[in-house]
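Right, one structure below, let's go through it.
Quick note: residue numbers are just sequence positions, from 1. Owing to the predicted nature of the structure, the values given are computational and were not obtained by experimental measurement.
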Amino acid sequence: MNCSIRQVLDRFGDKWSILIISTLGHVGKQRFNELNQQIGDISQKMLTVTLRSLEADGLITRTLYPEIPPRVEYELTDLGRSLLPHIEQLALWAEQHMETILKNREKYASQKVG
């Protein structure tokens, strides 16, 4: 069965896609190194792979400027921008419920040990 929700969540199930979309949504157009610095602990290889996937999905655009040295910029497409409110809602939900989730994890772990 071709399940659209599974396909979308498979793509965004990694933390990098969400962080890249969120970063581009809040700071706007970015060059590769700027994006790498904004995100912080992502490797250049993983950033490249994730940017290519997001570009293939039509969520970001990659603009190459024929300069020396070449300049490449990434920014959200309209489709990518339409995803931002949903990511922000998920982040808000996580903030509101993280304490409860952590307590539940501790309770679960103590029940399994005891």
Side-chain angles (χ1 to χ4, degrees):
M1 180 190 262
N2 190 5
C3 181
S4 59
I5 188 83
R6 185 176 54 213
Q7 288 185 28
V8 169
L9 290 177
D10 282 348
R11 175 68 81 188
F12 301 120
D14 68 273
K15 64 181 177 179
W16 304 122
S17 294
I18 297 295
L19 284 173
I20 290 169
I21 292 167
S22 182
T23 300
L24 289 174
H26 289 99
V27 298
K29 190 183 299 185
Q30 294 279 287
R31 294 176 76 167
F32 184 90
N33 286 333
E34 292 170 332
L35 197 51
N36 197 7
Q37 289 173 352
Q38 288 283 332
I39 294 173
D41 57 348
I42 188 171
S43 70
Q44 287 190 352
K45 180 181 179 182
M46 185 53 66
L47 180 56
T48 299
V49 167
T50 307
L51 287 169
R52 286 180 182 161
S53 295
L54 294 172
E55 183 181 11
D57 285 346
L59 297 169
I60 65 169
T61 57
R62 177 183 183 270
T63 305
L64 174 63
Y65 296 93
E67 303 171 351
I68 298 176
R71 178 170 52 109
V72 178
E73 292 179 335
Y74 298 90
E75 67 180 318
L76 291 179
T77 62
D78 289 341
L79 182 62
R81 280 188 288 279
S82 74
L83 184 56
L84 270 177
H86 305 287
I87 291 171
E88 290 168 349
Q89 282 297 312
L90 181 59
L92 179 62
W93 183 90
E95 283 180 32
Q96 291 173 342
H97 299 285
M98 195 67 228
E99 186 176 327
T100 302
I101 291 169
L102 291 174
K103 285 179 184 176
N104 288 337
R105 287 178 184 172
E106 287 177 21
K107 181 180 173 184
Y108 181 82
S110 68
Q111 290 172 345
K112 290 296 178 185
V113 172

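- Other residues, nucleotides and ligands contribute over 12 non-hydrogen atoms within 6.0 Å of the CD atom of Q96.
- Distance check: L83 CG to L59 CG gives 6.5 Å after rounding to the nearest 0.5 Å.
- Residues L90 and H86 fail the side-chain proximity criterion, which asks for heavy atoms closer than 4.5 Å.
- Heavy-atom minimum distance, L79 versus S82: O-OG, 2.6 Å.
- Judged as a salt bridge (charged side-chain N to carboxylate O under 4.0 Å, His left out), the pairs with a partner in residues 49-62 (not counting sequence neighbours) are, in order, R11-D57.
- In the hydrophobic cluster analysis, where Ile, Leu, Val, Met, Phe, Trp and Tyr join through side-chain heavy atoms closer than 4.5 angstrom, L102 is grouped apart from L92.
- The line from CZ of F32 to CG of L47 is 4.0 Å long, rounded to the nearest 0.5 Å.
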Requested in this report: Step by step, work out the side chain to side chain contact (heavy atoms under 4.5 Å, CB included) result for T50 and L19.
Outcome: CA-CA 10 Å; T50 307; L19 284 173; over 6 Å; no
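- Hydrophobic clustering, with ILVMFWY side chains joined whenever heavy atoms are under 4.5 angstrom apart, groups L54 together with M46.
- Atom CD1 of I20 sits about 9.0 Å away from atom OG of S53, to the nearest 0.5 Å.
- For residues 80-95, the set of pairs meeting the salt bridge (charged side-chain N to carboxylate O under 4.0 Å, His left out) definition, not counting sequence neighbours, comprises D78-R81.
- Side-chain contact between L35 and L51: present, with at least one pair of heavy atoms (C-beta onward) separated by less than 4.5 Å.
- Following chains of ILVMFWY side-chain contacts shorter than 4.5 Å, one cannot reach V27 starting from Y74, and the two form parts of different hydrophobic clusters.
- Annotation: salt bridge (charged side-chain N to carboxylate O under 4.0 Å, His left out) contacts involving residues 28-49, sequence neighbours excluded, comprise K29-E73, K29-E75.
- Using a 4.5 Å cut-off between side-chain heavy atoms of Ile, Leu, Val, Met, Phe, Trp and Tyr, with links allowed through other members, V49 and L64 fall into different hydrophobic clusters.
- The neighbour count for Q44 CD, taken as heavy atoms of other residues, nucleotides or ligands under 6.0 Å away, does not exceed 12.
- Put simply, CG on L84 and NE2 on H26 are 6.5 Å apart, with the number rounded to the nearest 0.5 Å.
- Without hydrogens or angle criteria, S22 side chain to I18 main chain gives no donor-acceptor distance under 3.5 Å.
- By the neighbour-count criterion of 12 heavy atoms within 6.0 Å, atom OH of Y108 is sparsely surrounded, having that number or fewer from other residues, nucleotides or ligands.
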